[in-house]
Amino acid sequence: MPIDVDEVQRRKAIAEATLTVAARDGARAVTIRAVAKELGGSTAMITNYVPTRMALITNAVRAAESRWREDLDAHLGDLTGADRLRATVEWHVSTEPEDLLLRTLWVEMLSSAQTDPAGVDRREPRESRAEFFEACLAAGVPDAGLAADVLSLLTRGYYVSTVEEPAHWTPERAGRVARAVVDALIGD
């Protein structure tokens, strides 16, 4: 008789184990075998849900993205107009301890774009760009579409830069840059 397994819970457990392996041993150490060992099971226990290493990393990044959405909503609260736009960009260029680890995995995921296009999560950047667009519209930015593209490039570049030079790209430095860009877009 087959064991009844909650797929959502199993994927969450796999995501957490992936993050544990990456935090302890680095992003390159994330393998199906290492995550299975972390969970105390077989590789089949992993591959039934995520068949490749990139799918394993994508699963961990997507699990974090759902938490990010909740965190962003809480950060924005009832803000409107230019305040909401500033807070949205500020949140995107903030860094929590887990963020650097996730960005390292994100860069690892992006590195597979040519060989495994399905392994790259394109939903999150589109959602972020849409958030920027709506916030720019609400703030009265003249060309909300262009502004959303600028902010998307700014924040995505920040994610890569924090992996490249984490000591240089502190949240404070990035915040100053982000505020200057938002002020220029708004016209302040």
Side-chain angles (χ1 to χ4, degrees), residues 15 18-30 53-54 56-76 79 82-117 119-136 139 141 143-188:
T18 302
L19 293 176
T20 299
V21 170
R24 183 184 60 232
D25 304 326
R28 296 274 180 190
V30 172
R53 178 176 182 270
M54 279 305 118
L56 189 67
I57 291 171
T58 301
N59 179 61
V61 171
R62 284 188 175 147
E65 287 168 359
S66 66
R67 292 191 305 270
W68 290 341
R69 293 275 146 230
E70 294 168 7
D71 186 49
L72 176 59
D73 290 343
H75 180 75
L76 296 177
L79 294 175
D83 291 335
R84 186 176 185 85
L85 175 58
R86 284 186 181 94
T88 300
V89 176
E90 174 187 286
W91 181 88
H92 277 275
V93 297
S94 64
T95 300
E96 297 297 324
E98 186 182 67
D99 292 344
L100 291 176
L101 172 63
L102 287 163
R103 289 177 191 150
T104 301
L105 289 173
W106 178 72
V107 168
E108 187 83 9
M109 181 179 71
L110 292 179
S111 72
S112 73
Q114 296 301 317
T115 57
D116 184 13
V120 176
D121 183 7
R122 289 179 170 77
R123 181 188 63 223
E124 193 280 331
R126 290 180 184 135
E127 288 175 0
S128 293
R129 201 167 27 256
E131 287 167 358
F132 290 137
F133 179 75
E134 292 301 322
C136 287
V141 175
D143 188 343
L146 176 61
D149 286 345
V150 167
L151 294 173
S152 182
L153 287 172
L154 172 75
T155 56
R156 304 310 267 195
Y158 170 70
Y159 301 160
V160 172
S161 295
T162 59
V163 172
E164 277 181 323
E165 295 183 278
H168 180 76
W169 286 106
T170 63
E172 295 78 23
R173 179 181 291 259
R176 283 196 318 272
V177 171
R179 281 188 295 280
V181 170
V182 171
D183 288 347
L185 292 171
I186 292 172
D188 282 354

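Keep in mind that this is a model prediction, so the values were computed, not measured.
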## Note on the structure
All heavy atoms of Leu154 vs all of Ala178, minimum pair found to be CD2-CA, 4.0 Å

### Message
Trp106 and side-chain contact (heavy atoms from CB on, under 4.5 Å): which single residue from Thr58, Val163, Val160 fits?
### Response
Val160

### Query
Is there a donor-acceptor pair closer than 3.5 Å between any side-chain N or O of Thr104 and the backbone N or O of Leu100?
yes

#### Entry: Test item: Leu151 and Leu185 side chains (from C-beta on) under 4.5 Å apart, heavy atoms
yes

### Message
Please give me the minimum heavy-atom distance between Ala148 and Cys136, naming the atom from each residue.
### Response
N-SG, 4.2 Å

### Task
Taking all heavy atoms of Leu79 and all of Asp83, pick out the closest pair and write down the distance.
CD1-O, 4.0 Å

### Task
Apply salt bridge (Lys or Arg N to Asp or Glu O under 4.0 Å) to Arg84 and list each qualifying residue two or more places apart in sequence or on a separate chain.
none

#### Entry: Minimum heavy-atom distance between Ala29 and Val21, given as atom pair plus value
O-CG1, 3.8 Å

### Message
Between Ser94 (side chain only) and Trp91 (backbone N and O only), is there a donor and an acceptor less than 3.5 Å apart?
### Response
yes

### Query
Is there a side-chain contact between Glu65 and Val61, using heavy atoms and a 4.5 Å cut-off?
yes

### Task
Decide yes or no for Glu90 and Val182: does some side-chain heavy atom of the first lie under 4.5 Å from some side-chain heavy atom of the second?
no

### Message
Could you tell me if the side chain of Leu105 sits less than 4.5 Å from the side chain of Leu19, heavy atoms only?
### Response
yes

### Query
Excluding sequence neighbours, so at least two apart, what forms salt bridge (Lys or Arg N to Asp or Glu O under 4.0 Å) with Glu124?
Arg69, Arg156

### Message
Would you compute the distance between atom CE of Met54 and atom CG of Asn59 and round it to the nearest 0.5 angstrom?
### Response
13.0 Å

### Message
Looking at every heavy atom in both Arg53 and Ala27, which two are closest together, and how far apart are they?
### Response
NH2-O, 3.0 Å

### Query
Do Trp169 and Val177 have side chains that get closer than 4.5 Å, going by heavy atoms?
yes

## Note on the structure
Of all heavy-atom pairs linking His92 and Glu131, the shortest is NE2-OE1, 3.7 Å

### Task
Rounded to the nearest 0.5 Å, what's the gap from CG on Leu101 to CZ on Arg24? Could you check?
12.0 Å

### Atom pair CG (Leu72) and CD (Glu70), whose distance is rounded to the nearest 0.5 Å
11.0 Å

#### Entry: Rounded distance (nearest 0.5 Å) linking atom CZ of Arg103 with atom CG of Asp99
4.5 Å

### Task
Would you mind reporting whether Trp68 and Leu102 have side-chain heavy atoms less than 4.5 Å apart?
yes

### Query
Could you state the interatomic distance from CD1 (Ile57) to OG1 (Thr18), rounded to the nearest 0.5 Å?
8.0 Å

### Query
Charged N to carboxylate O below 4.0 Å: is that the case for Glu108 and Arg28?
yes

